[in-house]
Every structure is written in C-alpha cells, then in structure tokens.
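Remember, it's 1-based here, ligands and their atoms both numbered in the order they're listed.
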Amino acid sequence: MSFDLILFGGTGDLAWRKLMPALFRAFRKGRLPADGRILAVARDEHGDESYRAWLQKRFDDGVSDRLPHQDAFTRFLALLQYRRMDLSQTDDYQQLHVWVDGRPGGAASTVVHYLATSPHLFPMVCQQLGASGLNGPRVRIVLEKPLGHDLASAQAINRAVQAVFSEQQALRIDHYLGKSAVQNLMALRFGNALFEPLWRRESIANIQITLAEDLGVGTRGDFYDRTGALRDMIQNHALQLLTMIAMEPPSSNNADAIRNEKLKVLHALRPFTAESVARDVVRGQYKAGTVDGAKVPGYLEEINVPADSRCETFVALRAEVLNWRWAGVPFYLRTGKRLAARDAQIVVNFRPVPHPIFPGSHTPNKLVIKLQPEDGLELHLLAAKGSGTTDALAPVFLDLDFDRAFPADRIGAYERLLLDAIAARLNLFVRSDEQEQAWRWVEPILAAWQADEAGPRPYGAGTWGPPAASALVARDGFVWGEEQ
Ligand code: BG6
C-alpha cells in the first residue's frame, strides 16, 4: 500500500512533540507501510533539508527515543518533505495537487490530510481542499481536537467538513481512544465471557473515571483559559471512556456498529438542569501548593492567565445512564490539573455480597482498569488468609501488567491512530453525531456556570481537588478510589 500523509501545521507543537515521534516509532518498528511520503506543510520558510534539520534539532532537544536509533532516524527523515503554504491561497492548494499527482511511480493508494492546525482554519482548509479536488475517494482527513468550543461551533466545523468529505473520510481524533488500555477494555468486555453477565446494575455499585494530571497548564495558559477542564477533558476523553464502559455489545467489530452503540449511551445520559449542575457537578481551580516535593504556583499565577480568571482546572461530576442496564448506577467522572498524581483509571466497584457470613467489614470486589502511567488491570478480591486463628477475609488482587505481558507489541496512542488513519480503520475515531451529542450534554453545565457567581472552588496543587468532590461521592455512600 502506498500513502501520502500531508501534515498541515507541520512546524507546530503537536507535529514535533507527538506526531513525528509516533511516525518515527512506527517507521523504526516496521509498522509504517513502506511506500510512503510525508509532507509537512506550514507558513515557515523551509526547504526539505532545512525542515529535516529543524526536526532533527527538535528531536535532539526533546524526544528521548531517537538517540539510540540515529540511523533509522536519518532514513525516516528522507521520507519527509516540506512545503510552505498560505492556507488561504487557492494557488497553493493547486500546487499541492500537482505534488500529489506527480508522485514518482503513480498516485498513492491513500492520501491523508492531517489537520494539526488551529481549528478555526478547518472550515477554510476543507473548502480549499474540496475546491482543488483534493477530496477524492482515496483521500481522508484527520481532524485534531479541540473540535469546536460548544455545540454550535462543532456543528459549523462538521458542516464545513461534510460539504467536502463523507463521514467515512473524516476521522476525528480523540487520542484517548488510541491508548492500549482502551482497546483492552473492548477486549475485556467483548472477548471474555467472564465479565459481561456482571456488567450491569445488579452487580455494579458505581463506576469512577479519573483522568488526573500532576502538571499545571504550563505554557498553554492562553488556550487553556479559553477552554477549561470540562471542554478539554470531559466533553471528549472522559465521555468517550464512559461510552466504552457502558455501551451494549456491538454486533461486530465494525466502526459503525461500535459507534452506534456509543451514541446510544450518550443519548441515554441524564440531561443536566441548573439544579442538577449545582448538586452534581463540582468545579475547582488550583492554588499554589506542592507537587512531588516542589512548590508550584497557582493557576492564576501561570503565564498568560488573567489574574481574575474563573476558568476551571478541575471537574468532578455524577452522571447516570438511563437504561435497563445502568439505571441507578452513578458514573463519577473526574479530571484536573495539578492533582496529587498522574493517574488515569476506571474503577468498577461491585456490590457487596448479598449476605455476609465472614466477620468484619470488607471492601467489595473492584476492577481497576489502568490507563496510565501503567497499562493494566487489577481485580480486587477477598481471600482467607488461612492463619487458622481467624476466619476474617483479607484483600488480595490479581494484577495484569500489559506492558510486561506484551512488551514487543506496545504501541502509543498517536502511533496507533496514525496507522489506523492510513489504513482506513475507523473504529477508534469519533463520528460527528457522537461528538455533537457530547457537546449537547455538557452545554447545560457551561450555561449554569456562566450564570453562577460563585466560580470554581479552590484546591491546593498536589491534592485530589476540592473537598466538595469527595462529598459528591460520599453523598451516595461511596469514596473515590484513592480513599478506599
Ligand atoms: C489533551 C488535553 O487532550 O490531553 C491536555 O488538551 C491534556 O490538556 C492531555 O494534558 C492529556 O493527555 P495524556 O495522554 O497525557 O493523558
């Protein structure tokens, strides 16, 4: 298979921090189809050679796994070309078309446009690609988040994309779906008979999804302050994980079979009202504190953050999926910057046994799906210690470490998604109706916050967020994973 990958935003942060390292890793491991060309496009003045030198420097400064592989990296650089484009100029797209058509040995079987630019350019780039005929059946377009700021802006982007590309051609990235743990979640649920009979309200007490980061907003204050944790993490990553946990078994492993089931979950989420936002959603903003023994500033002291910002850097909320499988089971979602640890996980808390016969109180079974930093599963059980002096139970757990189980096959999220985009495997991309429904669900929260004078609650950097987040869960008689 031959491919042309055209990377718009080729000198941007995303390109050199995530996409190029992912492409290099795929190349080095022999996973990238052999007959490929990669064209980086941006406004900067570069030729092929100076772009390669620029990228080499970026890798030297910041991408750790290049150094032992300089030979492979030099061969990888040879795949790269650079083209300066003014994205508003029709002529520049026509020149791009000439480049695509002029491929030595004939046109590539696949052309992927990857838009790693600011999203406000998406409609214009799509329209120009369409006008210059760069949207034929062998072409796909990959769109990076943020895809809109609210429902209306997301719909405007979708309309612009759909005027030029079919739904099958438009691949919306949510890089959390590329994480190995998420694919393992599918395998766990639909490749094993063990869990599915228990995967319902009769056996499960609550589900907790935590996407915690210990870093602050760093140099992204300007972007972040216009975005906030709800838009940055909940509307996309956390809700996508929720759909994977809650969806019904799809009839096949086909992209639309899966996406149809995920969409049903989004439709089944209980809609928020101003009252339920006040009760079931907690927003917070970090103050100065200590992370890993080092003092760190508060959000309001970060670069490019207005001193009176009300932007939330933390959200915890209680959601419900209104259907037969899940009625009455709370789904707690939580994300934040500058929390106590970098830790992304899903905890499925099972109900206690119906009639206890052993002395003492015990934490019921739980399944912990670890997304990062480790990729694994923990199944927490109870066992008899067997000391003979007591019949009390002790907690034990089965610990599956996928990084250790499959060391050679590990693949990063961007690498997986780039390879899928080239091979037209759509399972891990988000369909426009899913994305719009997710916006529909979070919008009442944004509206309620706007009308609420109180603003976000303070929390110390290096903690697990405002105490109200614990109270939210305690109200139902539960605690967050780290408090168990
Ligand atoms: C991005 C957010 O989508 O995900 C960032 O914009 C966040 O704010 C990042 O830091 C987290 O991704 P990961 O893979 O490091 O958990």
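- Counting heavy atoms closer than 4.0 Å to ligand 1, residue Glu144 contributes nothing at all.
- Listed by number with element, the atoms of ligand 1 under 4.0 angstrom from any heavy atom of Asp232 are 2 (C), 5 (C), 6 (O), 8 (O).
- Within ligand 1, the atoms closer than 4.0 Å to a non-hydrogen atom of His237 are 1 (C), 3 (O), 4 (O), numbered from 1 in the order shown.
- Side chain to side chain, Gln169 and Asn135 fail the donor-acceptor criterion of an N or O pair below 3.5 Å.
- In this structure, Arg31 pairs ionically with Glu415, as a charged nitrogen and a carboxylate oxygen lie closer than 4.0 Å.
- Under a cutoff of 6.0 Å and an axis angle of 45°, Arg28 and Phe24 form a cation-pi pair.
- Residue contact check: Lys145 has heavy atoms under 4.0 Å from atoms 1 (C), 2 (C), 3 (O), 6 (O) of ligand 1.
- At a cut-off of 3.5 Å, with distance as the only test, no side-chain donor of Thr227 or Asp232 sits close to an acceptor on the other residue.
- Looking at Asp174 and Asn236, their side chains never bring a donor and an acceptor atom within 3.5 Å of each other.
- The protein non-hydrogen atom at the shortest distance from atom 12 (O) of ligand 1 is His175 NE2, 3.1 Å.
- Residue-to-ligand polar distances keep Lys18 apart from ligand 1: every N/O pair is separated by 3.5 Å or more.
- Of the N and O atoms on the side chains of Tyr114 and Glu144, at least one donor lies less than 3.5 Å from an acceptor on the other residue.
- Looking only at heavy atoms of the protein, atom 15 (O) of ligand 1 is closest to Arg342 NH2, 3.6 Å.
- If you look at Tyr224 next to ligand 1, there are no close heavy atoms at all, none under 4.0 Å.
- The atoms of ligand 1 that sit less than 4.0 Å from any heavy atom of Lys179 are 13 (P), 14 (O), 16 (O).
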